[in-house]
**Q** 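I have a structure I would like to understand better, so I am pasting it below and will then ask my questions one at a time.
In what follows, every heavy atom counts, from backbone to side chain, and hydrogens, waters and symmetry copies are set aside. Note on naming: letters A, B, ... go to the chains in the order of the sequence lines (proteins, then strands), and numbering restarts at 1 for each one.
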Protein chains: 2
Amino acid sequence: MAVRRADVVAAALGILDQFGLADLTMRRVGSALEVKAGALYWHFPNKQSLLAAVADAILAEVVAPEPGPWRPWLAAWTDRLRTTLLRHRDAAELVSATLATGLGAVDLGTPPARVLHGAGLGEADARAAARALVHLTLGQVSEEQTRATLSEVGVVSGHDPEAAARDHAAGVALLLDGLAFRLRD
Amino acid sequence: MAVRRADVVAAALGILDQFGLADLTMRRVGSALEVKAGALYWHFPNKQSLLAAVADAILAEVVAPEPGPWRPWLAAWTDRLRTTLLRHRDAAELVSATLATGLGAVDLGTPPARVLHGAGLGEADARAAARALVHLTLGQVSEEQTRATLSEVGVVSGHDPEAAARDHAAGVALLLDGLAFRLRD
DNA sequence: ACCTGAACACCGTTCAAGT
DNA sequence: ACCTGAACACCGTTCAAGT
């Protein structure tokens with residue numbers, strides 16, 4: 001039974017979820033598929049491309065909110081992005097890295113930028129605001145996930161998920177206030 | 001001549017600047033000091049601790065603006081943070097990773113949080129805003145530095161530093177607008 | 001106090017050769 | 001078309017032993 005590209009991505013995502021990014025090696029993905037590491041290079045040119053595909057798979061889970069007023073739409077979208085990232089171990093770090101390399105296919109900033117542009121913001125400002133929202137979320141979740149892992153191992157104590165959610169919402173609300181100020185008549 | 005802890009950090013920073021984070025290995029740092037990799041473990045318990053020390057050294061270069069009104073103070077501080085990060089290859093990625101592990105000594109969020117609290121913002125909101133500012137900057141610079149490296153190798157074309165500066169300023173301004181809204185009477 | 005030598009258990013990647 | 005075997009050039013980390 002030949003392994004297909006999608007099988008490789010699924011296996012990699014499974015390893016990420018169970019063991020984290022540090023254990024996501026080509027050799028481990030291969031052995032999960034009962035195949036040697038070298039075989040993966042038939043499907044992907046290198047490890048980074050495989051990681052980008054995993055990041056894309058994760059981001060595809062973010063469902064866009066129903067069309068509506070820009071502020072609740074953005075608040076909901078940001079929250080869904082956060083929740084999706086939290087569902088997969090080390091996902092924020094993985095997505096950040098992929099976003100930086102530019103290898104990912106999913107354009108994370110486009111949906112919020114479109115909404116903001118539709119609300120009357122200039123295109124450049126809309127893109128800048130979308131980037132800010134994305135970086136804010138990735139940064140907060142990345143810190144939260146690392147802390148969660150560390151507290152699991154017992155290195156650090158008292159990781160509070162509700163406090164993290166509030167922190168994130170506070171940062172987002174600040175940005176949305178700034179946007180409301182820009183969009184006022 | 002015995003190698004001291006500070007020598008190790010300086011050598012590591014030199015390798016980071018010249019060759020980037022991927023080439024910053026214990027073996028390379030050792031050979032730059034004419035010492036075997038194992039010798040470094042006399043000074044640091046592991047690689048992460050050495051990286052944290054390097055991150056601290058970089059962040060120590062950020063000089064706080066003169067005391068003054070919160071808005072220009074924060075704008076200046078954020079800009080200096082960005083400029084400092086840009087002076088060292090892959091610095092944003094390194095600092096982000098260190099910040100997540102909690103190993104770093106420099107508390108990046110405290111100065112802006114203090115200024116905001118002094119301006120009348122509640123302590124929790126001040127901390128959340130400071131975190132937002134930091135994550136925004138780290139995310140933008142991290143992307144910028146990766147793109148800069150890629151464009152150096154020729155993988156990607158047209159990295160525009162001025163556009164990146166404008167993007168960052170736009171994101172920060174948005175947040176500061178939100179803060180101004182909160183701090184209005 | 002500080003370092004070497006040498007090992008252990010890994011990595012990502014390549015590529016001829018097989019089926 | 002897809003995979004193995006086997007290698008290449010590396011990693012971080014440990015630790016007895018040396019000075």
Side-chain angles (χ1 to χ4, degrees), chain A residues 1-16 18-55 89-90 93-94 97-98 100-104 146 149-150 153 155, chain B residues 1-16 18-55 89-90 93-94 97-98 100-104 146 149-150 153 155:
Chain A
M1 249 310 145
V3 164
R4 277 138 347 158
R5 206 189 124 97
D7 301 331
V8 180
V9 176
L13 185 52
I15 290 170
L16 182 73
Q18 273 193 61
F19 308 102
L21 196 52
D23 284 339
L24 182 41
T25 68
M26 297 303 265
R27 285 169 147 90
R28 290 263 281 201
V29 175
S31 82
L33 296 163
E34 288 175 312
V35 130
K36 298 290 173 184
L40 302 179
Y41 289 84
W42 177 260
H43 303 279
F44 296 91
N46 48 47
K47 187 184 178 182
Q48 264 196 5
S49 303
L50 169 54
L51 291 183
V54 175
R89 172 129 56 151
D90 297 335
E93 198 186 334
L94 170 62
T98 300
T101 65
L103 280 173
T146 311
T149 302
L150 290 183
V153 191
V155 183
Chain B
M1 249 311 146
V3 164
R4 275 137 348 157
R5 206 190 124 97
D7 301 330
V8 179
V9 176
L13 185 52
I15 289 170
L16 182 73
Q18 273 193 61
F19 308 103
L21 195 53
D23 284 338
L24 182 41
T25 69
M26 297 302 266
R27 285 168 147 91
R28 291 263 280 201
V29 174
S31 82
L33 295 164
E34 288 176 310
V35 130
K36 299 289 175 185
L40 302 179
Y41 290 84
W42 178 262
H43 303 280
F44 295 90
N46 48 47
K47 188 184 178 182
Q48 265 196 1
S49 303
L50 170 53
L51 291 182
V54 174
R89 169 129 57 149
D90 297 334
E93 197 186 335
L94 170 63
T98 300
T101 66
L103 281 172
T146 310
T149 302
L150 291 183
V153 191
V155 184

**Q** Mind listing the closest non-hydrogen atom pair of A:Asp90 and A:Gly20 along with its distance?
**A**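 Closest approach of A:Asp90 to A:Gly20, heavy atoms only: OD2-CA, 3.4 Å.
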**Q** Which nucleotide in the list D:dC3, C:dT13, D:dT13 gets nearest to the side chain of B:Asn46?
**A**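 Comparing D:dC3, C:dT13, D:dT13 against the side chain of B:Asn46, the answer is D:dT13.
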**Q** Looking at CZ of B:Arg89 and OG1 of B:Thr146, how far apart are the two atoms once the value is rounded to the nearest 0.5 Å?
**A**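 Rounded to the nearest 0.5 Å, the CZ-OG1 separation comes to 11.5 Å.
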**Q** Write out a two-atom table: protein N or O, nucleotide N or O from nucleotides 7-11 of chain C, distance below 3.5 Å.
**A**
residue : atom : partner : partner atom : Å
C:dC11  : OP1  : A:Thr25 : OG1          : 3.4
C:dC11  : N4   : A:Arg27 : NH2          : 3.4

**Q** May I ask you to verify if any side-chain N or O of A:His43 is less than 4.0 angstrom from the OP1 or OP2 atom of D:dC3?
**A**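 True: A:His43 side-chain N/O within range (under 4.0 Å) of D:dC3 OP1/OP2.
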**Q** Could you give the distance from CG (A:Leu13) to CD (A:Gln18), rounded to the nearest 0.5 Å?
**A**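 A:Leu13 atom CG to A:Gln18 atom CD measures 10.5 Å (nearest 0.5 Å).
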**Q** Of all the heavy-atom pairs spanning A:Ala55 and A:Thr98, show the shortest one and how long it is.
**A**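 Looking at all heavy atoms of both residues, the closest pair is CB-OG1, 3.7 Å.
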**Q** Enumerate the residue pairs fulfilling side chain to side chain donor-acceptor pair (under 3.5 Å) with a member in residues 26-47 of chain B, sequence neighbours excluded, ordered by first and then second residue.
**A**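 Of all non-adjacent pairs touching residues 26-47 of chain B, those that pass side chain to side chain donor-acceptor pair (under 3.5 Å) are B:Asn46-B:Ser49.
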**Q** When you measure from the side chain of A:Lys36, which nucleotide among C:dC3, D:dC2, D:dT4 comes out closest?
**A**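 It is D:dT4.
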**Q** What is the distance, rounded to the nearest whole Å, between atom CG of B:Asp7 and atom P of C:dC2?
**A**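 Value for this atom pair: 11 Å.
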**Q** Starting at OG1 of B:Thr25, measure out to CZ of B:Phe19 and round the result to the nearest 0.5 Å.
**A**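 Answer for the OG1-CZ pair, B:Thr25 versus B:Phe19, is 11.0 Å.
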**Q** Determine the Euclidean distance between corresponding C1' atoms of D:dA9 and C:dC10; express it in Å to zero decimal places.
**A**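 Taking atom C1' in both C:dC10 and D:dA9, they lie 13 Å apart.
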**Q** In the 5'-to-3' direction, what one-character label does each nucleotide of nucleotides 14-19 of chain D receive under the scheme B = base within less than 4.0 Å of a protein heavy atom, S = sugar-phosphate only, - = no such atom?
**A** B-----
**Q** If you compare all heavy atoms of B:Val3 against all heavy atoms of B:Val35, which two are closest, and at what distance to 0.1 Å?
**A**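 For B:Val3 and B:Val35, the tightest heavy-atom pair comes out as CG2-CG2, 4.2 Å.
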**Q** Within this structure, what is the CZ-to-P distance between A:Phe44 and C:dG12, rounded to whole angstrom?
**A**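 Taking CZ of A:Phe44 and P of C:dG12, I get 14 Å after rounding.
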**Q** Check A:Val9 against A:Ala53 and note the closest heavy-atom contact, atom names and distance.
**A**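 For A:Val9 and A:Ala53, the tightest heavy-atom pair comes out as CG2-CB, 3.8 Å.
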**Q** So, taking the atom named CD in B:Gln48 and the one named CG in B:Leu103, what distance separates them when rounded to the nearest 0.5 Å?
**A**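 Nearest 0.5 Å value for the CD-CG distance: 5.5 Å.
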**Q** Which residues pass the side-chain contact (heavy atoms from CB on, under 4.5 Å) test with B:Ala12, not counting sequence neighbours?
**A**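 Expected list: B:Leu24, B:Val29, B:Leu50, B:Val54.
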**Q** For DNA chain C, what string of dots and brackets results from 5' to 3' when Watson-Crick and G-U pairs need both distances under 3.5 Å, crossing pairs get [ ], and pairs with another strand get |?
**A** ||.|||||...|||||.||
**Q** Taking only residues two or more places apart in sequence, or in another chain, which ones meet B:Asp23 in a side-chain hydrogen bond (donor to acceptor under 3.5 Å, both in side chains)?
**A**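 side-chain hydrogen bond (donor to acceptor under 3.5 Å, both in side chains) check on B:Asp23 returns nothing, list empty.
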**Q** Calculate the interatomic distance between B:Arg5 atom CZ and C:dC2 atom P; express it in whole Å.
**A**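 In whole Å, C:dC2 P lies 13 Å from B:Arg5 CZ.
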